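Please read the structure below before turning to the comments.
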Protein chains: 2
Amino acid sequence: MDIILESTNTRMAGEERRRQILHKAMQLFSNKGFSGTTTKEIAAAAGVSEATVFKHFANKDELYSAILDHKACARSLPSPFEALAEKAAAKDDFGVFYTMAYNAITHHSEDCAFLRLMLHSALEDHDLARTFFDSFVTKVYEFLSEYIRSRQQDGAFRDVEPRIAVRAFTGMFIQHSLNNILWDKEQKLLKISNEDAAREFALILLQGIKK
Amino acid sequence: MDIILESTNTRMAGEERRRQILHKAMQLFSNKGFSGTTTKEIAAAAGVSEATVFKHFANKDELYSAILDHKACARSLPSPFEALAEKAAAKDDFGVFYTMAYNAITHHSEDCAFLRLMLHSALEDHDLARTFFDSFVTKVYEFLSEYIRSRQQDGAFRDVEPRIAVRAFTGMFIQHSLNNILWDKEQKLLKISNEDAAREFALILLQGIKK
DNA sequence: AATGCGAAAGTAAGTGCTTACTTACCACAG
DNA sequence: CTGTGGTAAGTAAGCACTTACTTTCGCATT
């Protein structure tokens with residue numbers, strides 16, 4: 001019924017076919033979860049037989065792991081801390097928080113499969129998702145709370161526990177993304193551009209913790 | 001393996017048994033999702049045969065619907081707006097936002113099955129979950145944004161779009177609950193009492209939007 | 001109080017279909 | 001003629017759900 005057949009009849013290089021199966025599987029897992037997706041659907045979506053799927057991946061679990069590995073590698077290191085570090089060095093409070101929120105919201109709206117996958121694997125208690133979360137989110141908390149602490153010493157921010165402020169701030173934009181992806185897809189409750197959302201969230205937080 | 005057999009050997013009144021099956025099914029759906037839970041498991045958890053489950057519920061979908069109906073009825077109407085309305089009438093800004101956050105966080109930490117169920121059904125795009133969300137969350141947004149608007153007219157709050165402030169605030173405490181339930185169960189990132197969390201979130205928001 | 005009985009509570013043992021995964025075999029480029 | 005990419009046709013287990021049957025209870029009539 002919702003099986004999308006992709007007629008990629010030609011013979012492919014092993015690595016290429018592997019990536020293609022992985023990609024289709026990711027879309028399906030993201031939409032329907034692990035136990036809600038069948039290997040038959042994955043095969044059909046990739047335009048190959050089920051047997052071919054099992055040629056490239058030993059079993060369904062390994063497929064899932066490969067996706068999370070790939071996602072974790074592709075997403076954790078590159079973007080978020082380079083641009084932030086220089087804004088932090090310049091004590092550009094608004095720049096730091098705006099950029100953080102804007103990057104996250106944009107990333108989520110462009111790749112909502114990622115957030116859905118994280119939720120599915122968190123609910124299913126798949127440990128690779130937790131691994132990703134632990135390493136990446138921990139870094140965000142460390143970076144932002146360290147920045148807040150240093151600005152408190154400058155006398156710029158009032159005396160809040162920095163991690164509470166980080167929880168509040170990340171809550172704003174993650175929940176915003178979750179809302180748009182899960183519950184309020186047509187944005188009936190609140191329609192707002194990514195820029196505006198990031199700006200308003202940053203302004204509320206900064207005014208909320210300033211001295 | 002994780003089938004918990006409950007030896008309720010005795011014959012039960014129809015309504016009672018129905019509620020018991022519903023309750024066990026809810027725990028299982030909440031932990032493992034709809035497609036991740038088998039009717040066999042539900043039957044075993046309730047200590048009856050599979051056939052008995054199907055005596056009480058026509059099919060698996062109806063079981064799921066019954067749970068969401070029950071949850072929606074039990075949760076939507078009673079608590080949140082009575083205590084809030086009088087605080088709102090008294091223009092007790094802190095009281096309004098603190099109570100909102102505290103009630104939500106407490107409810108989530110006492111009944112985390114509910115949040116998990118909401119997430120599962122949102123991810124699986126089950127429309128009864130959306131129905132609940134639409135009616136309940138819409139009310140929260142209307143109530144809080146109307147309160148903010150009125151306080152803006154009093155000159156107490158600055159000129160933010162009220163719904164953005166509501167998004168920011170609800171984001172803080174919902175994400176806080178999500179964190180504690182899904183990713184950071186041991187609260188390694190941030191360990192804080194429900195009272196402290198609600199207070200700090202309310203303070204950040206109020207300072208963040210005051211004039 | 002004992003009896004008989006209809007309806008409700010409950011089940012063992014299936015049904016046919018779907019699932020994840022395998023086997024045994026083919027096509028063809030180097 | 002070999003190794004790699006690919007498949008048709010399985011298989012056994014698991015799935016939601018049914019059938020045909022037994023047990024137990026409440027209660028009206030003797």
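These values consider heavy atoms only, across backbone and side chains, with no hydrogens, waters or symmetry-generated copies. None of the values given here were measured: they were computed from a predicted structure.
The separation between A:E15 atom CD and D:dT4 atom P is 14 Å, rounded to whole Å. Summarising the geometry, the separation between CD1 on B:I21 and P on C:dA9 is reported as 11 Å, rounded to the nearest angstrom. At whole-Å resolution of the value, CZ in B:F57 and C1' in C:dA9 are 14 Å apart. Rounded to whole Å, atom C1' of C:dG10 lies 13 Å from atom CD of B:Q20.
Between A:F34 and A:F29, the angle of the ring planes lies from 30° to 60°, which puts this pair in the tilted group. Using the six-membered ring where Trp is involved, A:H176 and A:F201 have ring planes that are perpendicular, over 60° apart on the 30 and 60° scheme.
Salt bridge status for B:D184 with B:K191: absent, with no side-chain N to carboxylate O gap under 4.0 Å.
Of the side-chain N and O atoms in B:H56, none sit less than 4.0 angstrom from OP1 or OP2 of C:dA9. In this model, the phosphate group of D:dG6 is not approached by any side-chain N or O of A:S49 to a distance below 4.0 Å at OP1 or OP2. Phosphate proximity of C:dA9 to B:R17: absent, as no side-chain N or O sits under 4.0 Å from OP1 or OP2.
Checking side-chain atoms of A:H107 against main-chain N and O of A:N103 turns up no donor-acceptor pair under 3.5 Å. With hydrogens and angles ignored, the 3.5 Å screen pairs no side-chain donor or acceptor of A:R163 with any backbone N or O of B:L190. Formation of a donor-acceptor pair under 3.5 Å by the A:E41 side chain with backbone atoms of A:T37 is not found in this model.
Taking five base pairs at each end of the helix from C:dA1-D:dT30 to C:dG30-D:dC1 and finding the rotation axis that steps the C1' atoms of four pairs onto the next four gives two axes whose angle is 0°, to the nearest 10°.
A:Y141 and A:R167 share a donor-acceptor pair across their side chains, judged by distance under 3.5 Å alone.
A:F169 is linked by a ring pair (Phe, Tyr, Trp, His ring centres under 6.0 Å) to A:F97, A:F173, counting only residues two or more places apart in sequence or in another chain.
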Report summary line: Per-nt protein contacts along nucleotides 19-30 of chain C (heavy atom under 4.0 Å; B base, S backbone sugar-phosphate only, - none) come out as SBBB----B---

